[in-house]
Amino acid sequence: MSVRTRFAPSPSGHLHVGGARSALFCWAFAANHGGTFLLRIEDTDQKRSSDAASRGFLEDLAWLGLDWDEGPLWHGRGGGETGPYEQSNRLDIYEQYLSRLVAAGHAYHAFETPEELAEARRLARAEKRAYRYDRAALNLDPDTVAAWLAEGRPHVVRFRVPDDSPIIIQDAVLGEVRVEPGELEDFIIRKADGFPTYHLAVVVDDHLMGVTHVIRGQEHLANSPKHALLQDALGFDRPVWAHVSLIFNPDGSKMSKRDKDKALRAEVRTRGLDSPPEGAEIDEQRWESWLGDKTAQLETEEASRLAGVLGIDLPAINVDDFRRAGYLPEVLLNYLALLGWSPGGDREQFDLAFVRENFGLDRIIKSPAKFDRSKLLAFNLDAIQAMDDDQFVVRLHAFCQDFEPMFLESMTPHQFKLFARANKERSKTFRDPIESGRFFIEQDEVITWPATKAIRKALCKGEPCGFDRLAAVRDLLASAEPWTPAHLESMLTTWADANCDGNLGKIAQPIRVAVSGGPVSPPIFDTLDILGRDAVIARIDRCLASRGELEEAAL
RNA sequence: GACCCCAUCGUCUAGUCAGGUCUAGGACAUCAGGUUUUCAUCCUGGGAACAGGGGUUCGAAUCCCCUUGGGGUCGCCA
């Protein structure tokens, strides 16, 4: 039988790195076995699912290059014989299996309200005992149940957990996992709104879609016995389970899609804010329910607006966060693969093709791993340095198109090309040239020279000082012909030989500060080339004019 | 709290399943030098781990047990 794997996210927010890794492993395992990789949208939670979120997921997956063979239709991907692939479109299917379970006595109707259950849980907790549903509904007489159902009384359907023998599941990563009878309660398989819960939907869909291998995060391990029970009751084969260890934050807590909200809530609390701050654009009611419910999540835009207003950085946990931060998809995938899987030996850097060729369940790592940003960054640096110049130009261009269009609007294509090339060597991410290169696209009049230590050192220190040297080469630059890095270099090198003992830095640094407003730029001759003569001279003149002010500030 | 999972440098890991080749290898980080017109790179070198205790064995990082530590789950979320 051919291998079929599935990635089945619930569309709440963006794809986070843990989900991305699960998707990668599913993809790789299927690809390695010439099988099929399915994508299924688990949108049975009416409160939390949104179309926007599921589009975000698809985009994130596509950006990573993890194409699904079957699943939602999206830009030429997806389709398949076993759809629909959104659970909200499969309700009638679940209903059939649900009736079957009820008819066979494997499931029963229960009428407790959420409030009653919450109270029972609270009580159990107060008495320090483990809470399990008491099966009260099982003792209802059939006529009462029939009457209540007929009058439309709200109810759920619970699965009747057999209490005679232990549940033993085989996990490809963890081995045998055993749960004693009595550890599981009669879990709910259909909610009061008529939607199935995750457990039922997953089991039915995995069966109908022919899923052979379920590779997922270890937070799902405790669900597997429930699924095994449902599969047994329904007469389905069990899939091969492989539970992958969790990804942690550096502080050791589980890296979760709720971390952003957690950080936000903590900041709101410490500041004692009781209403949404100006500029966050969150309405009062939403604010209340978000603050009060620690499982509630703000929309991506709301969250980043709020973070902006509060002046805090949100933790990067979503694929999209890393994309915006200028990481390469292949590097993120490489790093993620390493967090939970190892090809063995000393091999660490590899591409998707390598993962496809070598991935196997047997080398999945059992212990949890902390997400280390600095290693990811080091990998990204290596990948960028391994590109040829033209490739870097193209990819930086694409990045700017998505996130920094100003860089394309403010430069000619030729300038952009020079800009990209000059920056490649010092770029760890696509963000780097953007952040350090703002001065390239700013108007000449916007450049200022604050009296920082580095700027004063370059311009004011010494005899002669940087200003003196700048003044001395100003006309030389104004009349330089041709305006090329090579010619500028030979010109200024000659000048430095004659005027500062061949120490090019003595003149390069004042020029750098003058044209950029700061102490950092690409190599000075490239920088001048990109800016062009007019901007360079205009900036030098303005810088020279600011001399009095700067020297005064230094006193 | 109950149940389940996990345990090699600060971090990710190789080595564990088939015990000796391990005075435990690599990578990131870190420290010390060096290269460099700034920044970033880059080069050289250093320090850094088998959680603890019992077994089994001629021999244990590797097998078993206990302890400790970390984590997950305990939702009409998925």
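Residue numbers begin at 1 in each chain, while the letters A, B, ... track the order of the sequences.
- Residue-level contact check: A/V156 touches the bases, meaning some heavy atom is under 4.0 Å from a base atom.
- Rounded to whole Å, the distance from CD on A/E183 to P on B/C5 is 12 Å.
- For B/C76, one of the phosphate oxygens OP1 or OP2 lies less than 4.0 angstrom from a side-chain nitrogen or oxygen of A/R121.
- Scanning atom types as modelled, no donor and acceptor separated by under 3.5 angstrom connect the side chain of A/K370 and the base of B/C12.
- Across all strands shown, A/P522 has heavy atoms under 4.0 Å from base atoms, whether or not it also approaches the sugar-phosphate.
- Evaluation of atom-type donor-acceptor distances gives no pair under 3.5 Å for the side chain of A/E219 against the base of B/G72.
- The nearest whole Å value for the distance from the OH atom in A/Y133 to the C1' atom in B/C76 is 12 Å.
- Out of B/C42, B/C12, B/C6, the shortest distance to the side chain of A/D382 is found at B/C42.
- Rounded to an integer number of Å, the gap from CE of A/M255 to P of B/G71 is 16 Å.
- At the heavy-atom level, A/I524 lies under 4.0 Å from base atoms of the strands shown.
- No contact: A/P250 has no heavy atom under 4.0 Å from any strand.
- Side-chain nitrogen and oxygen atoms of A/R190 include none within less than 4.0 Å of the OP1 or OP2 phosphate oxygen of B/C76.
- If you look at A/W148 and A/F111, their ring centroids are closer than 6.0 Å.
- At a threshold of 4.5 Å between non-hydrogen side-chain atoms, the residues A/H14 and A/K260 do not count as touching.
- As judged by a 4.0 angstrom heavy-atom cut-off over every strand, A/Q297 is placed among residues making no nucleic acid contact.
- Evaluation of the ring-ring contact (aromatic ring centres under 6.0 Å, His included) test over residues 159-179 of chain A, restricted to residues two or more places apart or in two chains, returns A/F159-A/F187.
- When rounded to the nearest whole Å, the span between CG of A/L221 and C1' of B/C74 equals 13 Å.
- Phosphate contact (OP1/OP2 of B/A14, side-chain N/O of A/S342, threshold under 4.0 Å): present.
- Using a 4.0 Å heavy-atom distance criterion, A/H243 is classed as making no nucleic acid contact.
- Residue contacts for A/F371: at a heavy-atom cut-off of 4.0 Å it reaches no nucleic acid atom on any strand shown.
- Atom CG in A/L504 sits about 12 Å away from atom C1' in B/U36, given to the nearest Å.
- When heavy atoms are screened at a 4.0 angstrom cut-off, A/R216 is found touching no nucleic acid atom at all.
- The residue A/A222 sits close only to the backbone: its heavy atoms come under 4.0 Å of sugar-phosphate atoms, none of a base.
- Between B/C22 and B/G26, the distance separating the two C1' atoms is 14 Å to the nearest Å.
- Checking B/C17 for Watson-Crick or G-U wobble geometry (two distances, each under 3.5 Å) identifies no partner in any strand.
- Separating the CD atom of A/Q349 from the P atom of B/C12 is a distance of 18 Å, rounded to the nearest angstrom.
- Residue A/L377 is out of contact with every strand shown, counting any heavy-atom pair closer than 4.0 Å.
- Here A/P114 lies in heavy-atom contact (under 4.0 Å) with a base.
- Using a 4.0 Å heavy-atom cutoff across all strands shown, A/A192 reaches at least one base atom of the nucleic acid.
- When the P atom is used for both B/U8 and B/C12, the distance is 8 Å, rounded to whole Å.
- With rounding to whole Å, A/W495 atom CH2 is found 13 Å from B/U37 atom C1'.
- For B/A78, the OP1/OP2 oxygens have a side-chain nitrogen or oxygen of A/K191 closer than 4.0 Å.
- A/R178 comes within 4.0 angstrom of the backbone, heavy atoms only, and of no base.
- If you measure from atom OH of A/Y198 to atom P of B/A78, you get 9 Å, rounded to the nearest angstrom.
- A/F379 and A/Y327 have their aromatic ring centers separated by at least 6.0 angstrom.
- Heavy atoms of A/N503 sit nowhere under 4.0 angstrom from any nucleic acid atom.
- Distances were taken from every side-chain heavy atom of A/I188 (C-beta onward) to each of B/U38, B/C76, B/C3; the shortest belongs to B/C76.
- Side-chain nitrogen and oxygen atoms of A/K366 include none within less than 4.0 Å of the OP1 or OP2 phosphate oxygen of B/C5.
- Between A/D526 and A/R421 there is no salt bridge, since none of the side-chain N atoms of the basic residue sits less than 4.0 Å from a carboxylate O of the acidic one.
- In A/R125, the CZ atom is not crowded: 12 or fewer heavy atoms of neighbouring residues, nucleotides or ligands sit closer than 6.0 Å.
- Taking the ring centre of A/F439 as origin, the terminal cationic atom of A/R539 falls outside the region bounded by 6.0 Å and 45° from the ring axis.
- The number of heavy-atom neighbours closer than 6.0 Å to CG of A/D501, taken from other residues, nucleotides and ligands shown, is 12 or below.
- To the nearest whole angstrom, the two C1' atoms, one in B/C9 and one in B/A51, are 13 Å apart.
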